[in-house]
Amino acid sequence: MTSLYLILWIAGGVLLQLAVYLSIGFWRHWQSYQALRNVAQEFDTAANPDVAPEELQPVAAAWSGYRSFRVERKVQEDTTKQVCSFYLVPEDGKPLPTFLPGQFLTFQLDAPAVLTGSQPVIRCYSLSDAPHSTHYRISVKRAPAPVGSPYPAGISSNYLHDHIQVGSQLQVRAPAGHFHIDRSDAPVVLIGGGIGITPMLSMLNWCLKEQPTREVWLFYGVRNRSELVMQNHLEDLAAQQPNFHLHLCMSDPHADDLDKHPSGPVHHHHGRVDVSLLRRLLPLKPYHYYLCGPTPMLQSLVPALEDWGVPDGRIHFEAFGPASIPRKNLASAARATSTGDDKDAAVLVTFAKSGKQEIWKPGMGSLLDFAEGLGIVVSSGCRAGGCGSCQTSIRSGEVAYTQAPDFDPEPGSCLLCVSTPKTAVTLEA
Ligand SMILES: Cc1cc2nc3c(=O)[nH]c(=O)nc-3n(C[C@H](O)[C@H](O)[C@H](O)COP(=O)(O)OP(=O)(O)OC[C@H]3O[C@@H](n4cnc5c(N)ncnc54)[C@H](O)[C@@H]3O)c2cc1C
Ligand code: FES
């Protein structure tokens, strides 16, 4: 045998070994991918978007109406003092019911009448920690007045920051909401923009405690480091838990914001959270995506995830205010948007108690905006279908929801803040 043949034999043997090695690796990867897919498919079935949300996970309210809570601790969470956490314990000393990570509490606040008129102030705040037997926690960001506007700063958030201290009492409705993490062990991607981090913190803390082997990614978008909330807590978790991947995305970083941990457990990115970043970083796995953040972030990320091929049942999101997020494939989204949004869909709306009648056309907003525009006083709180304050009886006709409400309205009534008229409608307002 010549030396050339010998070299060819050796090279052939090496190539054969490499091929066997790669095939085994590929086979194992494929098997684990299939296993994860099955887990995720089981969850997809449970989260079938064609099923009305209330039929998915009937979570009975833990108490009815408002319950009195006392503020046990108040903690500033960021360096610019814009976000403050409140630790709440029940005044009656009775056991504290658990909740699903991602759910929120609804508050009725005694803000000064000079700010609120005669209306009670009702707002929703997400629970920002995993369930504990002793207390609930919320984290609230001050809402400033829009730059250059004549409007006052946000009533509820500033009232909580400035007037609610340790020992203050707050009136609270039971945890509620359909936006919460699943209990499977499918890998999960949490995306929080700004104060939209709060439900993600609850999901993350619960997951790492109850499902320590589950793969969790958190993409947290802020403008710069000074806006980060609970940064030390997140960095400690990333250092301790190898299956938790923390990515901080800063769209407008200060000079030294990005290079604090060049090779540590925390990864920094200059820019917003977007699908190209996710595509670059995430391995090929059937992740479930949970998103909460400003409306523009949801309006760009949700369709981009769909375009990337993420099935509808694996995209879960919540907006902290009125938001219309276009969904490409969901039958439920089609139900919500197809009605009332046609060009010629001008319909007559009658407000029976106030004796007013007017034509509603697409572009005129929700029935709550429409009523207020006519000078009709309707009680409202979250303006996002969460608190139930704007619940109004329907005497005749039908309405359509622009987003699935978290509060289940009584039969024969609707939530004006997230509905538009589907046919001519008469409302008890
Ligand atoms: C399910 C859910 C969960 C939420 N979770 C959280 C959370 O965890 N943390 C959190 O901080 N927030 C959360 N929010 C948002 C929160 O409920 C409040 O909407 C937020 O705190 C602002 O309320 P506010 O009373 O301070 O401001 P508002 O008084 O409602 O004012 C809102 C903004 O409008 C401006 N404004 C006032 N008057 C006018 C006017 N006439 N025209 C135009 N603009 C005007 C104000 O200056 C302010 O910027 C959540 C909301 C929902 C629906
Ligand atoms: S204002 Fe909260 S549900 Fe309409």
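One-based numbering along the sequence shown. Just follow the structure's listing: the first ligand is 1, and inside any ligand the first atom is 1.
- A cation-pi arrangement is absent between R123 and F107, since the terminal nitrogen or guanidinium carbon is not both under 6.0 Å from the aromatic centre and inside a 45° cone about the axis.
- Here the options are H245, H288, H267, the test is ring pair (Phe, Tyr, Trp, His ring centres under 6.0 Å), and the partner is W217; only H245 passes.
- Judged as a ring-ring contact (aromatic ring centres under 6.0 Å, His included), and not counting sequence neighbours, the contacts of F99 are Y136.
- H132 pairs by the ring-ring contact (aromatic ring centres under 6.0 Å, His included) definition with H135, not counting sequence neighbours.
- Among protein residues, F104, R123, C124, Y125, S126, S139, V140, K141, A143, P144, A145, P146, Y151, P152, A153, G154, I155, S156, S157, I195, T198, E318, F320, A384 come within 4.0 Å of ligand 1, judged on heavy atoms.
- No donor-acceptor pair under 3.5 Å is formed between the side chain of S389 and the backbone N or O of S379.
- At a threshold of 4.0 Å, the pair R280-D274 does not count as salt-bridged, since none of the basic side-chain nitrogens sits closer than that to a carboxylate oxygen.
- A salt bridge is defined here as a Lys NZ or Arg NE, NH1 or NH2 lying under 4.0 Å from an Asp or Glu carboxylate O, and K141 with E77 fails to meet this definition.
- Using a 4.0 Å cut-off between charged nitrogen and carboxylate oxygen, D256 and R225 do not count as a salt-bridge pair.
- Taking a heavy-atom cut-off of under 4.0 Å, ligand 2 is surrounded by S380, G381, C382, R383, G385, G386, C387, G388, C390, C417.
- For an aromatic pair to be called close, the ring centres must be under 6.0 Å apart, and F69 with W63 satisfies this.
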